[in-house]
Each structure stands twice: as structure tokens, then as C-alpha cells.
Amino acid sequence: MADKFTLVLGDRQSSSWSLRAWLMAKHIGIDFETTFINLSAPLAKEEILRYSPSGKVPALMHNDLLIWDSLAIAEYFNELFPARNLFPPDINSRAIARSVISEMHSGFQTIRSSMPFSLNSGLSFIDSNQLRLEIKRVEEIWLDLRNKFANNGKYLFGEFGIADAMLAPVVLRFKAYGYQSKNEIVTEYCNTILNNQFVKEWCTNN
Ligand SMILES: N[C@@H](CCC(=O)N[C@@H](CS)C(=O)NCC(=O)O)C(=O)O
């Protein structure tokens, strides 16, 4: 029997964590089904809980196995498809990639709350010192990695990987809220993400 993968996702318009898992699956190139749940529907929570015990999306079903949380899905994909280089090839770079994705996964609360994920544009964000600090930190990560890995390709560690999937929603937030970096390298990386074929597909199919 062929392997069956299903991603349970929130709607494209509002679910940034779902986008991350979906980007990873698209990048790997597996055949997978999707179950989208409209997160603003009155019974959304009940619907999510039919699939995901945490009450959150994304969740991945691989045959009879259920994996929930974007980070666990990322690590599972990496173990199943090592040849797709979802993490960079050398141990030091992998450790940095894991630091970056963990920082994203557990931090940047003010970016999340002041710039809620949306595919619309022309939105207004709630400005604050903390928001500026977090934006500065994201830009510092992008700049540092692009400077280090520029020779390997145009993504954070050269080739597209989990770190790019985890940070792509921040690029879309900046676009939605009209935040434009003054740094050329940061802007170039943001354009790379905005021009990624799968990011475009997520944004146009909503
Ligand atoms: N740590 C989780 C966060 C997942 C998360 O917060 N998902 C949101 C959608 S982006 C969700 O399920 N919200 C619905 C709810 O909380 O009822 C992950 O990385 O997957």
C-alpha cells in the first residue's frame, strides 16, 4: 500500500503555522492531501480536535501515525526524507538552523500579536518599542545568515529549508502591514520568499 500523507491545516488566510508545514511538504515534493479548517468558523475548535489532540493545527497524518505541531512535523519530514536537505548538510549549520527555528517557534510574540497573520495588504500594525526590537532581531537573523551562506544559494542556509519555511510567514506579515526594511540584503531575502513558487501558490489559492 502506498504511503498516505494528509495535512490538517487552518485556512490559508489566517494560519501561519499551517503555511509552514505545507511549505515543507511542497518542498519535499510528496503527494499529500489537505483538510482545511476555517479557524473563524464557530465550531472550528471541535473540528480541529477531531484530528489534532492539542486542539491546534497543523497536524500531519502519515498512514496511521499522527504528528502535531509544526516543529515536530518538520523534524519528522527531515527524518523521512534526509535527501531533501531540509536542514543544512554540516552539523554546525544544522545547530544554527535549529536555534533559529526554535527561536521562531517560541518567540516573537509581539510580531504575532501586533501584526496578526493575513494575506491582505494595507493593514495597520500596533507600533511599540517591543515590536521594533523583535523586527530588528528578525532582520539580524536574516542578515547574518545571508552573509554567511550567500555562496550556497539565495535562501537562509543556501538551499530552501525548514528555517525558510518557519520564517516565511514573517515576510508575509511585513508585506501585509507594509513594513519595508531599510536593509538591501533583508529586502532581497524577503523578495526571494515572496517569489517562491509555493509561497505564491498559498497566497493565490485562498
Ligand atoms: N506550536 C504550534 C502552534 C499552532 C497554532 O497556534 N495554530 C493555530 C493556527 S495558526 C491554531 O490552531 N489555532 C486554533 C485554536 O487555537 O483554536 C505549532 O507550531 O504548530
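Position 1 is the first residue of the sequence, and the numbers go up from there. Just follow the structure's listing: the first ligand is 1, and inside any ligand the first atom is 1. Since the structure is predicted, the reported quantities are computational estimates derived from the model, not experimental observations. Heavy atoms only: backbone and side chains are in, while hydrogens, waters and symmetry mates are out.
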Requested in this report: Given salt bridge (charged side-chain N to carboxylate O under 4.0 Å, His left out), test Arg137 with Glu103 step by step and report yes or no.
Outcome: CA-CA 10 Å; Arg137 174 65 192 137; Glu103 186 175 348; 2.8 Å; yes

Query raised in the report: What's the shortest heavy-atom distance between Ser70 and Met24, and which atoms?
Result: O-CE, 4.2 Å

Query raised in the report: Is it true that Glu47 and Arg50 have a side-chain N and a carboxylate O under 4.0 angstrom from each other?
Result: yes

Query raised in the report: How are the rings of Phe157 and Phe149 set to each other: parallel, tilted or perpendicular (split at 30° and 60°)?
Result: tilted

**Report entry** Atom CD of Glu184 with >12 non-hydrogen neighbours under 6.0 angstrom
**Finding:** no

Only distances under 3.5 Å count here; give the side-chain donor-acceptor pairs of residues 26-36 to other protein atoms, sequence neighbours excluded, each with its distance to 0.1 Å.
unit_1	atom_1	unit_2	atom_2	d
Lys26	NZ	Glu201	OE2	3.3

**Report entry** Contact residues of ligand 1 (heavy atom under 4.0 Å), by chain and number
**Finding:** Ser15, Ser16, Trp17, Leu39, Lys45, Ile48, Gly55, Lys56, Val57, Pro58, Asp69, Ser70, His105

